[in-house]
2 protein chains.
Amino acid sequence: MKEHKPIIAKDPSVPAHERIYRQLRNDVMYGDIKPDENLTLRGVAAKFGASMTPAREALRKLSAEGALRSTYSGRYVANSLTPERVEELATLRSLLEPELASRALPRVHNALIERLTAINTNIEQRVSRGETHFYIRGNLEFHRALYLRAQSPAMLALVETIWLQLGPTLRKLYETQNRAPNIDMHRRIIGALKAGDEPGLRLSIRSDVTGALRMILS
Amino acid sequence: MKEHKPIIAKDPSVPAHERIYRQLRNDVMYGDIKPDENLTLRGVAAKFGASMTPAREALRKLSAEGALRSTYSGRYVANSLTPERVEELATLRSLLEPELASRALPRVHNALIERLTAINTNIEQRVSRGETHFYIRGNLEFHRALYLRAQSPAMLALVETIWLQLGPTLRKLYETQNRAPNIDMHRRIIGALKAGDEPGLRLSIRSDVTGALRMILS
DNA sequence: TAGCCTTATTTGTGATCACATTTGAGCAAA
DNA sequence: TTTGCTCAAATGTGATCACAAATAAGGCTA
């Protein structure tokens with residue numbers, strides 16, 4: 001596993017199992033953990049300076065969300081997806097994310113559009129600098145910023161679950177193929193938001209989602 | 001003569017935390033736990049003849065799936081849903097379940113249709129006998145039997161997550177209002193399956209799902 | 001009766017340990 | 001090189017405990 005600086009400082013008001021959970025969740029979602037990499041209780045516990053108990057709870061929670069798979073003997077492994085599974089998750093994203101975007105649309109305001117534009121230019125700069133792996137994090141940041149406006153926590157939670165499952169596989173993709181994904185669709189999404197164009201928004205979201213995942217299947 | 005332990009006794013090949021998890025999951029999904037009922041680690045552990053450790057893992061996993069809510073102080077409570085949340089979950093069901101049914105359609109065979117019919121008549125009999133609470137379990141059994149044919153585990157997992165969240169609230173509904181839900185839509189689902197009518201199947205699934213949840217909101 | 005303070009009980013958290021199983025390295029034989 | 005075997009190391013599981021925080025209970029005042 002990649003060494004990480006603790007983004008979340010040690011704060012006694014945040015329980016250890018929660019701290020471990022959040023950090024590992026980010027590592028998985030943003031592709032900092034490779035497929036088939038396995039995580040041991042004692043290893044995770046040591047890395048976070050805690051005992052096995054909170055490490056176990058964090059791993060259990062992550063495997064419940066599909067971020068990790070647990071083998072028959074109880075070991076925890078990062079997911080490695082078959083093409084059929086990727087196709088299934090792509091379908092789920094194209095079902096749920098347009099709905100989230102549509103729900104966010106009436107609540108969109110200028111500050112959000114500026115924020116999305118800023119995220120977008122940040123992605124472009126860093127990807128053109130060769131940091132292709134940053135695309136995963138930036139892209140999810142872009143989508144989440146929009147979907148948060150939908151005020152639909154259960155729906156967003158499901159979508160994040162799907163992102164979690166895709167994380168390690170996406171990372172492997174951007175490592176092998178070194179093509180930068182197209183940022184173009186993000187511009188069309190922002191355009192539809194400005195115009196209040198709901199069908200156009202659904203369509204561009206759908207294209208963005210399926211476009212990224214078609215790369216894996218090819 | 002040598003002492004024999006009963007065959008139904010604890011099976012060491014299934015870990016205690018898994019056993020506790022499965023049982024509690026059923027209790028929540030089928031509405032055997034009331035909204036706002038809270039579960040304590042020591043209470044659950046004692047009920048299953050285990051220590052706090054496996055009980056904690058089971059509860060953590062359930063709260064990760066949305067079956068339970070955990071308060072800021074770490075206590076576990078069965079979900080009690082607001083109308084907006086119910087509406088959101090209803091939308092999710094009507095997005096995902098028609099897709100699952102559609103994927104199952106080409107794989108449907110006679111044995112499955114017979115099974116669905118049997119489940120259906122069982123529901124009718126027990127509900128007409130006054131066991132309205134059985135409708136929850138029977139209805140989910142019906143839907144799951146169909147969706148299993150879709151061979152889409154990630155999608156089915158998401159749908160079950162939604163069922164989990166609705167469980168306790170549905171129970172409260174069927175306790176207060178004593179109207180029996182209509183079983184009619186199930187017949188139309190079976191009809192569409194026999195005819196291979198994909199649009200009709202999607203429509204009847206959607207009606208069945210939204211119909212049941214409209215009762216709550218009224 | 002209602003509201004508030006104090007105290008006793010309950011509860012989640014995290015650490016440590018023993019135990020059985022699994023895993024993997026090393027080596028031998030084909 | 002490959003396959004199979006042995007054994008030491010690594011690993012998950014579940015139990016127990018101390019501790020601090022939260023909750024409930026009891027009693028007092030107004």
Side-chain angles (χ1 to χ4, degrees), chain A residues 1 3 6 8-25 27-28 33-80, chain B residues 5 8-25 27-28 33-80:
Chain A
M1 191 195 308
E3 276 300 326
I8 304 153
K10 264 196 179 180
D11 178 357
S13 77
V14 174
H17 62 84
E18 186 71 21
R19 200 165 41 89
I20 299 174
Y21 165 75
R22 290 185 198 167
Q23 182 66 54
L24 287 181
R25 183 184 148 99
D27 289 349
V28 171
I33 294 186
K34 293 174 191 164
D36 296 323
E37 181 171 339
N38 60 23
L39 305 176
T40 67
L41 292 185
R42 288 171 177 83
V44 171
K47 169 175 297 211
F48 286 90
S51 78
M52 288 167 58
T53 312
R56 225 192 306 189
E57 296 189 53
L59 292 176
R60 185 78 63 198
K61 196 168 174 179
L62 287 167
S63 76
E65 296 180 320
L68 303 174
R69 175 174 54 91
S70 75
T71 70
Y72 77 101
S73 69
R75 308 185 77 162
Y76 294 97
V77 186
N79 265 330
S80 173
Chain B
K5 291 186 178 180
I8 50 171
K10 300 176 191 175
D11 180 357
S13 76
V14 174
H17 63 84
E18 186 71 20
R19 200 165 41 89
I20 299 174
Y21 165 75
R22 289 182 197 168
Q23 180 67 52
L24 288 181
R25 183 184 148 99
D27 289 349
V28 171
I33 294 186
K34 294 173 190 165
D36 296 323
E37 181 171 339
N38 60 21
L39 305 176
T40 67
L41 292 185
R42 289 171 176 82
V44 170
K47 169 180 288 204
F48 286 89
S51 78
M52 290 167 57
T53 312
R56 226 192 306 190
E57 295 189 54
L59 292 176
R60 184 79 62 198
K61 196 166 173 179
L62 287 168
S63 77
E65 295 179 320
L68 302 175
R69 175 175 55 90
S70 75
T71 70
Y72 76 100
S73 68
R75 309 185 76 161
Y76 294 97
V77 186
N79 265 328
S80 173

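Quick caveat, the model's predicted, so the values are computed rather than measured. A, B, ... follow the sequence lines: proteins, then strands. Residue 1 opens every chain. All values below were derived from every heavy atom in this structure, side-chain atoms included, with hydrogens, water molecules and symmetry-related copies excluded.
Judged purely by atom type and a 3.5 angstrom limit, A:E37 uses its side chain to pair as donor or acceptor with the backbone of A:K34. A donor-acceptor pair is defined here as one N or O able to donate and one able to accept, closer than 3.5 Å; no such pair exists between the side chain of B:D36 and the backbone of B:S80.
Close to C:dT23, at under 4.0 Å from its OP1 or OP2, lies a side-chain N or O of A:S73. For the OP1/OP2 pair of C:dT23 and a distance below 4.0 Å, the side-chain nitrogens and oxygens of A:Y72 include at least one atom meeting the criterion.
Between the CG atom in A:L59 and the OG1 atom in A:T40 there is a gap of 8.5 Å [rounded to 0.5 Å]. For the atom pair CZ of A:R75 and CZ of A:R69, the computed distance is 11.5 Å after rounding to the nearest 0.5 Å.
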**Request:** Take A:H17 and A:K61, measure what side-chain contact (heavy atoms from CB on, under 4.5 Å) needs, and give me the verdict at the end.
**Result:** CA-CA 10 Å; A:H17 62 84; A:K61 196 168 174 179; over 6 Å; no
**Request:** Give the C-alpha distance, both sets of side-chain angles, the deciding distance and a yes or no for side-chain contact (heavy atoms from CB on, under 4.5 Å) between A:Y21 and A:E65.
**Result:** CA-CA 11 Å; A:Y21 165 75; A:E65 296 180 320; 2.8 Å; yes
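Residue A:T53 is in base contact, counting any heavy-atom pair closer than 4.0 Å across all strands shown. At the heavy-atom level, B:R56 lies under 4.0 Å from base atoms of the strands shown. Residue contacts for A:I20: at a heavy-atom cut-off of 4.0 Å it reaches no nucleic acid atom on any strand shown.
Atom CZ in B:R75 sits about 14 Å away from atom C1' in C:dT13, given to the nearest Å. Note: OH (A:Y76) to P (C:dT22) measures 16 Å, nearest angstrom.
Across the interface with DNA chain C, nearest-nucleotide mapping of A:T71 and A:A16 shows A:A16 to be the residue nearer the 5′ end. Residues B:N38 and B:R42 both approach DNA chain D. Their nearest nucleotides, taken by heavy-atom distance, put B:R42 toward the 5′ side.
Extent of DNA chain D lying under 4.0 Å from chain A heavy atoms, first and last nucleotide in 5' to 3' order, is D:dT11 to D:dG14.
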